Amino acid sequence: MVAMLWSDPSFAWKVDTSSDPLTDTEIATALQLEPEADFAIATKCWKGQPERTLLFLITGQNYDESASYRNSLDGQFRVDKEPVQEVSFSPEDRGGMLVLRLSDEGSAVSKTLSDMERARTRIIFAVGGTIHVFPAGDSRKALGKFNSVCNSGLGAEAGSSAD
């Protein structure tokens, strides 16, 4: 899905919902591409299970089975002109692509997503000496829809349509 979306330069936030075929649990995904680079923010959640929410940086590079990746990479996160926050990423193989998963699941992911939802101009991740700047665009609407699925069953109702 990511490779296909990189070919569309007008792409901003993409939110999709689906159902787990075994459990019928609603699943939401959100994706934002970095302009001018093969890099993306991706997040995934399962309805009523916000502690399982995942946040990835998709590098656009193939995962090299022969490479020796460190278990953890230090990084930074910032929204607009807010203070910089320290974050940690774990390199993973997802479908043959190298992705960096935000290491602290649960509350750290939830806080990062909440900050991203409030972004007005830009969302910044720095990892491995490279700074990745994503336009906030419609992050409030897109991540609001994403979070409504993640948190439903906990007092919020989710819509089932996708942008």
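Note that this is a predicted model, so its numbers are computed, not measured.
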Give the C-alpha distance, both sets of side-chain angles, the deciding distance and a yes or no for side-chain contact (heavy atoms from CB on, under 4.5 Å) between Arg52 and Lys44.
CA-CA 9 Å; Arg52 289 186 59 199; Lys44 181 177 184 177; over 6 Å; no
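- Side-chain atoms of Gln32 never come within 3.5 Å of backbone atoms of Ala136 as a donor-acceptor pair (strictly under, hydrogens ignored).
- In the hydrophobic clustering of ILVMFWY residues, with side-chain heavy atoms under 4.5 Å counting as a link, Val127 and Leu98 come out apart.
- Pro91 is listed as a side-chain neighbour of Leu73, based on a closest heavy-atom distance under 4.5 Å.
- The closest side-chain donor-acceptor pair between Gln76 and Glu86 falls under 3.5 angstrom.
- Under the 4.5 Å side-chain criterion, counting only non-hydrogen atoms from C-beta, Thr43 is not in contact with Met116.
- A donor-acceptor distance shorter than 3.5 angstrom exists from the side chain of Arg78 to the backbone of Glu82, with no hydrogens or angles considered.
- Two residues are said to be in side-chain contact when any heavy atoms from C-beta on lie closer than 4.5 Å; Ile58 and Leu31 meet this criterion.
- Contact of the Trp46 side chain with the Thr23 side chain is not registered, since no non-hydrogen atoms from C-beta on lie closer than 4.5 Å.
- Rounding to the nearest 0.5 Å places CZ of Arg101 at 11.0 Å from CZ of Phe89.
- A distance of 12.0 Å separates CD of Glu92 from OH of Tyr69, quoted to the nearest 0.5 Å.
- Contact annotation: the side chain of Leu57 never approaches that of Val99 to less than 4.5 Å [non-hydrogen atoms, C-beta and beyond].
- The line from CG of Leu102 to CG of Leu54 is 9.5 Å long, rounded to the nearest 0.5 Å.
- The side chain to side chain contact (heavy atoms under 4.5 Å, CB included) test with Phe77 is passed by exactly one of Ile124, Leu55, Val84, Ile123: Ile123.
- In this structure, CG on Asp24 lies 10.5 Å from NZ on Lys47, to the nearest 0.5 angstrom.
- Relative orientation of the His132 and Phe39 rings is parallel, given thresholds of 30° and 60° on the angle between their planes.
- The shortest non-hydrogen separation linking Pro135 to Trp13 is O-NE1, 4.2 Å.
- Side-chain contact check for Lys81 versus Thr121: every heavy-atom pair is 4.5 Å or farther apart.
- In plain terms, the two heavy atoms of Gly60 and Met97 that are nearest each other are CA-CE, 3.4 Å.
- For the pair Ala142 and Val15, the tightest heavy-atom approach, listed with the atom from each and the gap, is O-CG2, 3.4 Å.
- Here the NZ atom belonging to Lys145 is positioned 13.0 Å from the SG atom belonging to Cys150, to the nearest 0.5 angstrom.
- Contact record, Thr112 with Phe125: CG2-CZ, 4.2 Å, taken as the closest heavy-atom pair.
- In this structure, Phe56 has no ring-ring contact (aromatic ring centres under 6.0 Å, His included) partners at least two apart in sequence or on a different chain.
- Between the CG atom in Leu113 and the CZ atom in Phe146 there is a gap of 5.5 Å [rounded to 0.5 Å].
- Around atom CG of Asp64, more than 12 heavy atoms belonging to other residues, nucleotides or ligands sit under 6.0 Å away.
- Within the 3.5 Å criterion, the main-chain N or O of Lys111 finds no donor-acceptor partner in the side chain of Ser114.
- The side-chain heavy atoms of Arg122 and Asp80, taken from C-beta on, include a pair separated by under 4.5 Å.
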